[in-house]
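Here, residue 1 is the first one in the sequence, and each next residue gets the next number. For clarity, every value in this text was computed on a predicted model and none was experimentally measured.
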Amino acid sequence: LAETGLKQADFVAVGSHDTASAVAGIPAQGENWAYLSSGTWSLMGIESDMPILTQEAFENNFTNEGGVGNKIRFLKNITGMWILQQLKKQWEKEGFTESYADLVIMGSEARPFVCLLDVDHPLFAHTLNMIEAINQYCTNTNQSQPQSRGEYVRVVLESLAFKYRLTLDQIKTCTGKTIDCLHVVGGGSQNTLLNQFIANALQIEVKAGPVEATALGNIMMQAIAKKEIASVEEGRKLIQQSVCPQSYFPEKL
């Protein structure tokens, strides 16, 4: 404190991992919901009162991590927007400067279901050329290769949505829970096309936002520590009144 010039300050233990604070800041109601922290990497799971230590959880590579209010974050780590980010970086080197919003439009207008990627495949983790990695994956799996930037974008987003579908099925198998809503928070929650693809793939409502759930969850826990609010439930209700998540419902195809 002496070095900062502060004479006194309160120290509060918040959800010390950013995902723990993000989950705390989700404006959820009831019990039948799951979350997706969507950024460069994705973390998808549920809140649980106890660790889930079944054989199914082990085989499907789920983790049990501490959350606020003595909750357990039962979750799985998944590759997120990394592949799209690397594509965008590569296209920028080639002189294309479209924003993410532009890429979303291009993806929405592209051919659907050109191919399906396992977004967690090692080919995509460490590569200097994401286009070549995607093409190589398609060759290895006897699939067609994307033929335009819009198709690459759409392939990545469709593949993410199907990966989330697989993960949600695994969560339900491991826990026996009914999930009727997925809350998507973080920077990836701004990708409207991905959100719609997720709703279509999971066949449940998707609520996107807040983007800054980590900051909101952090502030909420400070308010609880200062006795300005009584509980996480009360804090979530306040967050619900302060933000307007966008709902996405499965499309009738």
- For Phe197 and Phe162, what are the C-alpha separation, side-chain angles and deciding distance, and is it a ring-ring contact (aromatic ring centres under 6.0 Å, His included)? CA-CA 8 Å; Phe197 286 168; Phe162 280 114; 8.9 Å; no
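- Checked by atom type and distance alone, the side chain of Asn60 never pairs as donor or acceptor with a backbone atom of Phe62 at under 3.5 Å.
- For the 3.5 Å distance criterion, the side chains of Tyr164 and Asp169 fail to qualify, holding no donor opposite an acceptor.
- For the residue pair Lys207 and Gln246, no side-chain donor N or O sits within less than 3.5 Å of a side-chain acceptor on the partner.
- A distance-only check finds no donor-acceptor pair linking the side chain of Asn218 to the backbone of Ala215 [under 3.5 Å].
- In terms of hydrophobic clustering, with Ile, Leu, Val, Met, Phe, Trp and Tyr side chains grouped at heavy-atom distances under 4.5 Å, Leu238 and Ile224 are assigned to a common cluster.
- The 12-atom threshold is not exceeded at CG of Leu128, counting heavy atoms of other residues, nucleotides or ligands nearer than 6.0 Å.
- Cluster membership for Val114 and Leu193, using ILVMFWY side-chain heavy atoms within less than 4.5 angstrom, is shared.
- For the residue pair Ala24 and Val68, the shortest heavy atom distance occurs at CB-CG2, 3.6 Å.
- The neighbour count for Glu92 CD, taken as heavy atoms of other residues, nucleotides or ligands under 6.0 Å away, is above 12.
- Considering all non-hydrogen atoms of both residues, Thr63 and Glu65 come closest at OG1-OE2, 3.1 Å.
- Between Glu233 and Lys237 no salt bridge is recorded (no basic side-chain N to carboxylate O distance below 4.0 Å).
- Open room surrounds CD on Glu212; 12 or fewer heavy atoms of other groups in view lie less than 6.0 Å from it.
- When hydrophobic clusters are built by joining Ile, Leu, Val, Met, Phe, Trp and Tyr residues whose side-chain heavy atoms come closer than 4.5 Å, directly or via intermediates, Ile131 is grouped together with Met81.
- The CG atom of Asn61 lies 9.0 Å from the CD atom of Gln170; values are rounded to the nearest 0.5 Å.
- A cation-pi contact, defined as under 6.0 Å to the ring centre and within 45° of the axis, links Lys88 to Tyr100.
- Contact of the Lys172 side chain with the Ile179 side chain is registered, since non-hydrogen atoms from C-beta on lie closer than 4.5 Å.
- Put simply, the side chain of Arg73 does not reach to within 4.5 Å of the side chain of Asn64, judged on heavy atoms.
- Put simply, CZ on Arg165 and CG on Asn200 are 11.0 Å apart, with the number rounded to the nearest 0.5 Å.
- Across Val206 and Ile198, no two heavy atoms sit closer than the pair CG2-CG2, 3.8 Å.
- Side-chain contact between Asn70 and Met50 is absent, with no heavy atoms from C-beta onward closer than 4.5 Å.
- With Arg236 contributing its side chain and Pro27 its backbone, the two residues share no donor-acceptor pair below 3.5 Å.
- The minimum heavy-atom distance linking Val243 with Pro210 is given by the pair CG1-CB, 4.1 Å.
- Counting all heavy atoms, side chain and backbone alike, Gly15 lies closest to Ser21 at O-OG, 2.7 Å.
- For the residue pair Asp18 / Thr214, no side-chain donor-acceptor distance below 3.5 Å is found, with atom types taken as modelled.
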- From CA spacing to verdict: side chain to side chain contact (heavy atoms under 4.5 Å, CB included), Trp91, Glu98: CA-CA 9 Å; Trp91 290 327; Glu98 285 88 353; 5.9 Å; no
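- Using a 4.5 Å heavy-atom cutoff, the side chains of Thr167 and Ser42 are not in contact.
- For the side chain to side chain donor-acceptor pair (under 3.5 Å) test, residues two or more places apart in sequence or in another chain that qualify with Thr139 are Gln145.
- Hydrophobic clustering, with ILVMFWY side chains joined whenever heavy atoms are under 4.5 angstrom apart, groups Met130 together with Leu194.
- Between the CE atom of Met44 and the OG atom of Ser38 there is a distance of 10.5 Å, given to the nearest 0.5 Å.
- Checked by atom type and distance alone, the side chain of Gln143 pairs as donor or acceptor with a backbone atom of Leu116 at under 3.5 Å.
- Looking only at side-chain heavy atoms (C-beta outward), Ile134 and Leu87 come within less than 4.5 Å of each other.
- Of the possible polar contacts, one joining the Tyr137 side chain to the Asp118 backbone as a donor-acceptor pair under 3.5 Å is found.
- Looking at Gln55 and Glu59, their side chains do bring a donor and an acceptor atom within 3.5 Å of each other.
- The two residues Gly209 and Val185 come nearest to each other via the heavy atoms O-CG1, 3.8 Å.
- Checking Glu205 against Ser247 by side-chain atom types alone, a donor-acceptor pair falls below 3.5 Å.
- Taken from CG in Leu182 to OH in Tyr35, the straight-line distance is 11.0 Å, to the nearest 0.5 Å.
- Here the side chain of Asp120 pairs a donor or acceptor atom with the backbone of Thr79 at under 3.5 angstrom.
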- Query: Can Ile229 and Glu234 be said to form a side chain to side chain contact (heavy atoms under 4.5 Å, CB included), step by step?
  - Reply: CA-CA 7 Å; Ile229 58 175; Glu234 183 180 347; 3.7 Å; yes
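- The main-chain N or O of Ala133 is never found under 3.5 Å from a side-chain atom of Thr127 such that the two would form a donor-acceptor pair.
- Screening Leu43, Ile46, Leu36 for a side chain to side chain contact (heavy atoms under 4.5 Å, CB included) with Leu75, the sole residue that qualifies is Leu43.
- Under a 3.5 Å cut-off, the side chain of Gln190 and the backbone N or O of Gly187 do form a donor-acceptor pair.
- The 12-atom threshold is exceeded at CG of Asn140, counting heavy atoms of other residues, nucleotides or ligands nearer than 6.0 Å.
- Ile171 CD1 to Ser48 OG: the interatomic distance, rounded to the nearest 0.5 Å, is 11.5 Å.
- For the pair Arg111 and Glu151, the salt-bridge criterion is met [side-chain N within less than 4.0 Å of a carboxylate O].
- In this structure, Trp41 and Trp82 have parallel ring planes: the angle between them is below the 30° cut-off, well short of the 60° mark.
- Between Val156 and Val119, every side-chain heavy-atom pair lies at or beyond the 4.5 Å cut-off.
- Separation of atoms CD (Gln86) and CG (Leu84) is listed at 10.0 Å; rounding is to 0.5 Å.
- Counting only heavy atoms from C-beta outward, the side chains of Trp33 and Ile26 approach each other to under 4.5 Å.
- Side-chain contact check for Asn195 and Thr192: no donor-acceptor pair (N or O, by modelled atom type) lies under 3.5 Å.
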- Task: Applying side chain to side chain contact (heavy atoms under 4.5 Å, CB included), run through Cys138 and Cys115 and close with a yes or a no.
- Result: CA-CA 7 Å; Cys138 291; Cys115 59; 3.5 Å; yes
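- Between the side chain of Ser189 and the backbone N or O of Ala208 there is no donor-acceptor pair closer than 3.5 Å.
- You'll find the side chain of Arg154 reaches within 4.5 Å of the side chain of Pro112, heavy atoms only.
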- Message: As a quick check of understanding, evaluate side chain to side chain contact (heavy atoms under 4.5 Å, CB included) for Asn129 and Gln90, giving each step before the final call.
- Response: CA-CA 7 Å; Asn129 190 317; Gln90 192 167 338; 2.7 Å; yes
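- Ion pairing of Glu31 with Lys71 is absent here, as no side-chain N (NZ or NE/NH1/NH2) approaches a carboxylate O to less than 4.0 Å.
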